[in-house]
Amino acid sequence: MATTVEDTSSTIPAAPISLPEGPWKQIPGGVTAAKGFKASGMYAGLRVSGKKPDLALITCDVDATAAGAFTTNVVAAAPVVYCKKMLEMSKTVRAVLINAGQANAATGDAGYQDVLDSVVTLARLLKLKPEEVLIESTGVIGQRIKKGALLQALPTLVNMLSDSVNGGDAAAVAITTTDLVSKSVAIESQVGGTPIRVGGIAKGSGMIHPNMA
Amino acid sequence: TMLGVVTTDALVESDVWRKMVKVAVNRSFNQITVDGDTSTNDTVIALASGLSGSPAISSLNCPEALQLQACLDSVMQGLAKSIAWDGEGATCLIEVTVTGTETEAEAAKIARSVASSSLVKAAVYGRDPNWGRIAAAAGYAGVSFEMDSLRISLGDILLMECGQPLPFDRLGASKYLKKAGEVHGTVEIDIRVGGGLGRGKAWGCDLSYDYVKINAEYTT
């Protein structure tokens, strides 16, 4: 079931990233470049076809100050509704789970319950409170997530967590859908004379006209 | 759908962080377009661990906040551009820069209107330097400007100045588009609409037959 971290980042090439000029330098990695963050990505059998990794996890060793921007589409997916609720209640987060294959959108109460079940199970494994865990989903709209396969994969996903570049790259691949490349970048700069790092991963290739708030 | 997770080890207060992220999202992910369809799932989560030991940022107006904002804008723009670059069926990235408006928001609105235009996207795929479509898309953006201030260039080829179409090397302009498509590079469209200080960018991609093919097959 699980794919090693090294294998996953070889499933699709990385996108060329062009950054604006500024007082920073690009460094390897993405979400794991900044201190305190770990990530993992694996194939959990969620995708309709193919063996590309499809489940990713990003964690922070401490309570991370959290912000979110979400679609203003009225038909918001269950994970969007859940995350907005959590960020209204709490200023910090410890983990983000991301599944690819099914969007869990237009799935009604059952879809929202799938979000809760996934978050509660992962929180228990990470010894966190459920409200410290957020979730993002992407894939076919109208389809519920393959919850059985997802929950079964969580222990392996947690064990694979790594603060290495590979950990971040594996997560970048696992969140893709029709993307031809994975998207990941990190920079190092200074704030008040102290070196800091900012990094990230993203996905997206179709149904792209974000109006997030 | 676009998803993003951004992390930093800077130390920043919650309300300030949320405002910073909103600004950065508006300068990046909210300025990309591939097909004009806003997803049900678009989400960006941004997390700050504070483990770098940097000075605590508790106000938007201090130098440290401006430094962190610039870094956040940069990372999000890098990721946002890579999404547009990888648009379904795309052969090239389209970067639209608009200057001369009164505000940043107006420039961003015109830029996104041009980047979203199916006719502009199809012209780029057809390697057609169709300045008329670019002007039209700028004109219906919902931002008023003087027609005789309109200036449009494609790469370093000037197509329109003071609202007047110019004679230009059509073959050279088409070659510019063709080359960008061959290397999956970037087509730069620069538009000036007046003398204001507002400036904004948007990113999109050309519209190819493959976009229809991919989405006709990626069914429920």
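Quick caveat, the model's predicted, so the values are computed rather than measured. Here is the naming used below: chain letters follow the sequence lines, and residue numbers restart at 1 for every chain.
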Exercise. Looking at A:Lys35 and B:Ser52, what are the two nearest heavy atoms and their distance?
Worked result: NZ-CA, 4.3 Å
Exercise. When rounded to the nearest 0.5 angstrom, what is the spacing between NZ in A:Lys91 and OG in B:Ser14?
Worked result: 5.0 Å
Problem set entry | A:Thr72 OG1 to B:Asp42 CG distance, which is reported to the nearest 0.5 Å | 8.5 Å
Exercise. If you count heavy-atom pairs under 4.5 Å between each of A:Val62, A:Ile175, A:Val80, A:Ile201 and chain B, which one has the most?
Worked result: A:Ile201
Exercise. Residues of residues 185-195 of chain A under 4.5 Å from chain B (heavy atom pairs)?
Worked result: A:Val185, A:Ile187, A:Ser189, A:Gln190, A:Val191, A:Gly192, A:Thr194, A:Pro195
Seminar exercise, completed: Most heavy-atom pairs under 4.5 Å with chain B, out of A:Ala15, A:Ala105, A:Ala66, belong to A:Ala66
Problem set entry | Engaged part of B:Val25 at the chain A interface, taking heavy atoms whose separation is under 4.5 Å | side chain
Exercise. For A:Gly68, does its backbone N or O pair with a side-chain atom of B:Arg18 as donor and acceptor, under 3.5 Å?
Worked result: no
For this session: Between chain A and each of B:Ser39, B:Gly78, B:Gly87, count heavy-atom pairs under 4.5 Å; write down the option with the most.
Result: B:Ser39
Exercise. Just how far is it from atom SG of B:Cys71 to atom CZ of A:Arg197, taken to the nearest 0.5 Å?
Worked result: 12.5 Å
Exercise. Can you list the residues that meet the side chain to side chain contact (heavy atoms under 4.5 Å, CB included) rule with B:Leu3, with sequence neighbours excluded?
Worked result: A:Ile98, A:Glu136, A:Thr138, A:Lys203, B:Thr1, B:Thr43
For this session: Count the heavy atoms belonging to other residues, nucleotides or ligands that lie under 6.0 Å from CG of A:Leu116, then report whether that count exceeds 12.
Result: yes
For this session: Spell out the residues in residues 206-213 of chain A that have some non-hydrogen atom less than 4.5 Å away from a non-hydrogen atom of chain B, in order of number; otherwise answer 'none'.
Result: A:Gly206, A:Met207, A:Ile208, A:His209, A:Pro210, A:Asn211, A:Met212
Problem set entry | Pick from A:Thr65, A:Asn73, A:Ile196 with the largest number of heavy-atom pairs that fall under 4.5 Å of chain B | A:Thr65
For this session: Flag the pair A:Val181 / B:Trp85 as yes when at least one side-chain heavy-atom distance between them is below 4.5 Å, and no otherwise.
Result: yes
Exercise. Of the listed residues (A:Ala76, A:Pro16, A:Gly22, A:Gly36), which shares the most heavy-atom pairs with chain B below a 4.5 Å separation?
Worked result: A:Pro16
Exercise. What part of B:Lys22 lies closer than 4.5 angstrom to a heavy atom of chain A: side chain, backbone, both or neither?
Worked result: neither
Exercise. So which of B:Asp15, B:Val21, B:Val12, B:Ile45 has the biggest tally of heavy-atom pairs under 4.5 Å with chain A?
Worked result: B:Ile45
Problem set entry | Pairs of heavy atoms under 4.5 Å with chain B: top-ranked of A:Gly200, A:Ala64, A:Ala67, A:Gly204 | A:Ala67
Problem set entry | Under the side chain to side chain contact (heavy atoms under 4.5 Å, CB included) test, residues paired with B:Thr101 that sit two or more places apart | B:Val98, B:Glu106, B:Ala107, B:Ile110, B:Val193
For this session: Please flag which part of A:Pro23 lies under 4.5 Å from any non-hydrogen atom of chain B: side chain, backbone, both or neither.
Result: neither
Exercise. To the nearest 0.5 Å, how far apart are CE in B:Met76 and CG in A:Leu19?
Worked result: 13.0 Å
For this session: Determine the option with the most heavy-atom pairs under 4.5 angstrom with chain A, choosing from B:Gly4, B:Ser54, B:Ser74.
Result: B:Ser74
Problem set entry | B:Val5, part contacting chain A, at a heavy-atom distance under 4.5 Å | both
Exercise. Does B:Val34 reach the side chain of A:Ser205, with side-chain heavy atoms less than 4.5 Å apart?
Worked result: no
Exercise. Between B:Thr8 and A:Phe37, does a side-chain contact (heavy atoms from CB on, under 4.5 Å) hold up when you go through it step by step?
Worked result: CA-CA 9 Å; B:Thr8 184; A:Phe37 293 97; 5.9 Å; no
Seminar exercise, completed: Turns out that what part of B:Leu11 lies under 4.5 Å from chain A's heavy atoms comes down to neither
For this session: Evaluate the side-chain proximity of B:Thr40 to A:Thr71: yes if any heavy-atom separation is below 4.5 Å, no if none is.
Result: no
Exercise. What part of B:Thr186 is in contact with chain A, defined as an atom under 4.5 angstrom from a non-hydrogen atom: side chain, backbone, both or neither?
Worked result: neither
Problem set entry | Best-contacting candidate, A:Thr92, A:Val96, A:Leu87, against chain B by heavy atom pairs under 4.5 angstrom | A:Leu87
Exercise. For the atom pair CG (B:Leu47) and CG (A:Leu134), what is the distance rounded to the nearest 0.5 Å?
Worked result: 7.5 Å
Exercise. OG1 of A:Thr176 to CG of B:Asp86: how many Å apart, nearest 0.5 Å?
Worked result: 9.0 Å
Exercise. Is it the backbone or the side chain of A:Ser182 that comes under 4.5 Å from a heavy atom of chain B, or both, or neither?
Worked result: neither
